Amino acid sequence: MKQKDLLEKNEIIMWSEEKIRDFRATLLQWYDENKRDLPWRSTSDPYYIWVSEIMLQQTQVDTVIPYYKRFIETLPTIEDLAKASEETLLKLWEGLGYYSRVRNMNVAANQILEKHEGKFPTAHKDVLNLKGIGPYTAGAVTSIAFNQPQPAVDGNVMRVLSRLFEIDLDISKASTRKVFEEMIRRLIDPDRPGDFNQALMDLGATICTPKNYSPENSPVKEFNASYLNESWEKYPVKKKKNKVTEQTYYTVMVKNKEGEYLYKKRPSKGVLAGMHTPLMIDRKDLNEEGWKAFNQKELYDSRLSQELEQIIKETYDLKVTVNEQPKGVVAHVFSHLKWEMIVFEAVLIEELSHSSELKWIHADRFDEEMFPMPTQKVNKLVNTLTLF
DNA sequence: AATTCGTGGGC
DNA sequence: TGCCCAAGAAT
């Protein structure tokens, strides 16, 4: 009753039962003949399906494949995942981004050990209660691994359905997903729910794409209202994103007599939580007269390096000498912000006290350590140029 | 409900 | 280059 209203309220007319059956058959036949051969499609183990679905969140298939293979080889069971150290997990995830995903998986693995005797739960509500598993992933795992008729609505599915039904709802709004879920509950093939969900996603990824979309190539074009009505360029409706905010950091790579570089562990919340970056001083925290006077002309002099030295001494209890001229500039764009890192090299004079937040790492060990991409870029800047 | 979480690819 | 996008979830 309540969910029936959800479609009516949004003026969505569901197809007849006959048309729905026809659609299922057409879509699944196309899927059987054209589905992509992906590593996680050769298993029905919910653990492996789970790993793949977490990696695939906001991440393209081609990027995920090598990470997926390495991950399940290193941690072949849920118990292995539960017992793994954070360093191991982060190293396996290095470069994938959204690092809370792997931390949450570790938490969820322990939830499974404690609440489900180490066996991946089959009940949808239990799956949804696992850390890091939301509506999409719960539906994906239960439908694919356990053949349950649960919707798995991701960006592909919303785009496909928007075009099939000429849906005018904004797919960037959180409330919209529930409408698509209700549509999928009507449409999903009760005999092959996992394949049905994956077929919609494959269709979205390979034919019903965001760009370069040609609806006449779609195996379900006869069901596509926006194609038949020539309105397909309007869909999906999606609000444009806000511009990213830019932040400029004076980034100081301090080197000690042993040739090690200094990194700071970031706070446990926020951007790159718990990860290591060089010392970063927000330009806004500097004496405004100072940086404005010479930085705008890309000119640097000892006033800046001396101010950086003073801030580093006050903040970290380190006596350092900062080079007058920067080594270079590193830019890194996140989803919602952009870092400009003006990189200075420095040498350690004296460590007045020791902090557990600070870590010295030699360049020879860079491969063994986990660094987020901005740090890797700075490492490369400082190192490659030093080689010559 | 709107923000905040990375990174790489495509055009 | 700058912007969009990618098998989303937590807060």
Side-chain angles (χ1 to χ4, degrees), chain A residues 35-36 38-41 49-68 90 93-105 107-108 127-141 143-145 150-160 170-178 180-181 184 194-206 208-213 236 238-246 266-275 277 331-339 370-377:
Chain A
K35 69 177 174 186
R36 293 175 289 176
L38 303 173
W40 45 89
R41 286 186 172 165
I49 307 289
W50 173 36
V51 172
S52 73
E53 291 299 342
I54 298 295
M55 287 186 171
L56 285 162
Q57 290 171 3
Q58 302 293 284
T59 310
Q60 301 195 82
V61 166
D62 290 339
T63 303
V64 165
I65 289 174
Y67 283 92
Y68 169 82
L90 287 175
W93 215 262
E94 181 183 36
L96 261 186
Y98 289 143
Y99 298 100
S100 64
R101 289 185 291 177
V102 71
R103 293 182 173 123
N104 287 340
M105 269 209 299
V107 172
V127 177
L128 195 53
N129 274 331
L130 296 173
K131 191 76 173 174
I133 294 191
Y136 164 76
T137 304
V141 175
S143 67
I144 296 170
Q150 297 286 352
V153 173
D154 70 335
N156 287 310
V157 173
M158 290 196 284
R159 185 173 57 255
V160 170
D170 181 356
I171 67 168
S172 68
K173 291 184 68 176
S175 57
T176 301
R177 195 200 67 250
K178 293 179 195 278
F180 288 106
E181 285 176 346
I184 293 295
D195 286 343
F196 182 90
N197 283 335
Q198 293 185 88
L200 282 182
M201 290 188 271
D202 264 24
L203 187 67
T206 62
C208 190
T209 47
K211 288 168 284 188
N212 303 323
Y213 168 52
K238 191 174 186 180
K239 191 190 69 182
K240 302 207 176 187
K241 288 179 192 164
N242 300 327
K243 278 182 86 173
V244 300
T245 59
E246 301 188 18
R266 298 178 60 80
S268 59
K269 290 186 185 295
V271 179
L272 302 178
M275 327 213 65
T277 56
H332 188 78
V333 181
F334 299 84
S335 307
H336 56 298
L337 54 91
K338 178 177 179 177
W339 281 2
M370 189 285 173
F371 289 120
M373 195 49 60
T375 305
Q376 290 187 35
K377 289 177 179 175

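The model shown is predicted, which means the values in this text are computed figures rather than measured ones. First the proteins, then the strands, lettered A, B, ... as listed; each starts at 1.
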J.: Is the base of B:dG8 touched by the side chain of A:T59 through a donor-acceptor pair closer than 3.5 angstrom?
T.: no

J.: Rounding to an integer number of Å, can you tell me how far A:L56 CG sits from C:dA9 C1'?
T.: 15 Å

J.: Less than 4.5 Å apart, side chain to side chain, heavy atoms only: is that true for A:V64 and A:S52?
T.: no

J.: Say we look at B:dC5 and C:dA6: how far apart would their C1' atoms be, to the nearest angstrom?
T.: 15 Å

J.: Within the structure shown, what part of the strands sits under 4.0 Å from A:G204 by heavy-atom distance: base, sugar-phosphate, or nothing?
T.: nothing

J.: Please pick, from C:dC4, C:dC3, B:dA1, the nucleotide with the shortest atom-to-atom distance to any side-chain atom of A:K211.
T.: C:dC4

J.: Grab the CZ-C1' distance between A:R101 and C:dA7 for me, whole Å please.
T.: 11 Å

J.: If only side-chain N and O atoms of A:R159 are considered, is one of them under 4.0 Å from the OP1 or OP2 phosphate oxygen of C:dC5?
T.: no

J.: Which nucleotide wins on minimum distance to the side chain of A:H336, given the candidates B:dC5, C:dC4, C:dA7?
T.: B:dC5

J.: Rounding to a whole Å, what distance do you find between A:M370:CE and B:dG6:C1'?
T.: 10 Å

J.: If you pin A:G132 and A:L38 to their nearest nucleotides in DNA chain C, which one's is more 5'?
T.: A:L38

J.: How many whole angstroms separate atom CD of A:Q376 from atom P of B:dG8?
T.: 8 Å

J.: Given B:dG6, is OP1 or OP2 found less than 4.0 Å from the side-chain N or O atoms of A:H332?
T.: no

J.: Would you tell me if any nitrogen or oxygen in the side chain of A:Q58 comes within less than 4.0 Å of OP1 or OP2 on C:dG8?
T.: yes

J.: Going by modelled atom types, is there a donor-acceptor pair between the base of C:dG8 and the side chain of A:Y136 at under 3.5 Å?
T.: no

J.: With rounding to whole Å, what would you report as the distance between C:dT1 and B:dG8 at their P atoms?
T.: 16 Å

J.: Give a yes or no answer on whether the side chain of A:D154 reaches the backbone of A:Y136 with a donor-acceptor pair at less than 3.5 Å.
T.: no

J.: With respect to the side chain of A:K173, which nucleotide from B:dA2, C:dA6, C:dA10 is positioned closest?
T.: B:dA2

J.: To the nearest 0.5 Å, tell me how far A:M158 CE sits from A:D170 CG.
T.: 9.5 Å

J.: Ignoring the backbone of A:R36, work out which of B:dA1, C:dA7, B:dC5 is nearest its side chain.
T.: C:dA7

J.: Relative to the 5' end of DNA chain C, which residue comes earlier, A:K131 or A:R41, by the nucleotide with the nearest heavy atom?
T.: A:R41

J.: Can you find a heavy atom in the side chain of A:W93 that is under 4.5 Å from one in the side chain of A:R103?
T.: no

J.: Classify A:L272 by what it touches in the nucleic acid, base, sugar-phosphate, or nothing, heavy-atom distance under 4.0 Å.
T.: sugar-phosphate

J.: With a 3.5 Å distance limit and no angle check, can you tell me whether A:R101 reaches the backbone of A:M55 through a side-chain donor-acceptor pair?
T.: yes

J.: Ignoring the backbone of A:T137, work out which of B:dT3, B:dT7, C:dG8 is nearest its side chain.
T.: C:dG8

J.: A:F371 versus A:M275: any side-chain heavy-atom pair under 4.5 Å?
T.: no

J.: Using the P atom on both, measure C:dA7 against B:dC11 and round to a whole Å.
T.: 15 Å

J.: Using the C1' atom as the reference point in each nucleotide, state the distance between C:dC4 and B:dG6 in Å, no decimals.
T.: 16 Å

J.: Which of these nucleotides, C:dA6, B:dG6, B:dT4, is closest to any side-chain atom of A:Y99?
T.: B:dG6

J.: To the nearest Å, give me how far apart CZ (A:R103) and C1' (B:dC5) are.
T.: 11 Å

J.: Give A:V157 one of three labels, base, sugar-phosphate or nothing, depending on what nucleic acid heavy atoms sit under 4.0 Å from its own.
T.: nothing

J.: Whole angstrom is fine here: how far is it from NZ in A:K338 over to P in B:dG8?
T.: 16 Å

J.: As a test of reading the structure: which of B:dT4, C:dC5, B:dG6 is closest to the side chain of A:F334, going by heavy atoms?
T.: B:dG6

J.: Would you kindly give the CG-to-P distance between A:N156 and C:dC4, to the nearest whole Å?
T.: 19 Å

J.: By nearest heavy atom, map A:S175 and A:Y98 onto DNA chain B; which one lands nearer the 5' end?
T.: A:S175

J.: Considering only side-chain heavy atoms of A:P135, which listed nucleotide, B:dG6, C:dA7, C:dA9, is closest?
T.: C:dA9

J.: Starting at CG of A:D170 and ending at P of B:dA1, how long is that distance when rounded to a whole Å?
T.: 13 Å

J.: What's the separation between atom CG in A:N156 and atom OG1 in A:T209, rounded to the nearest 0.5 Å?
T.: 10.0 Å

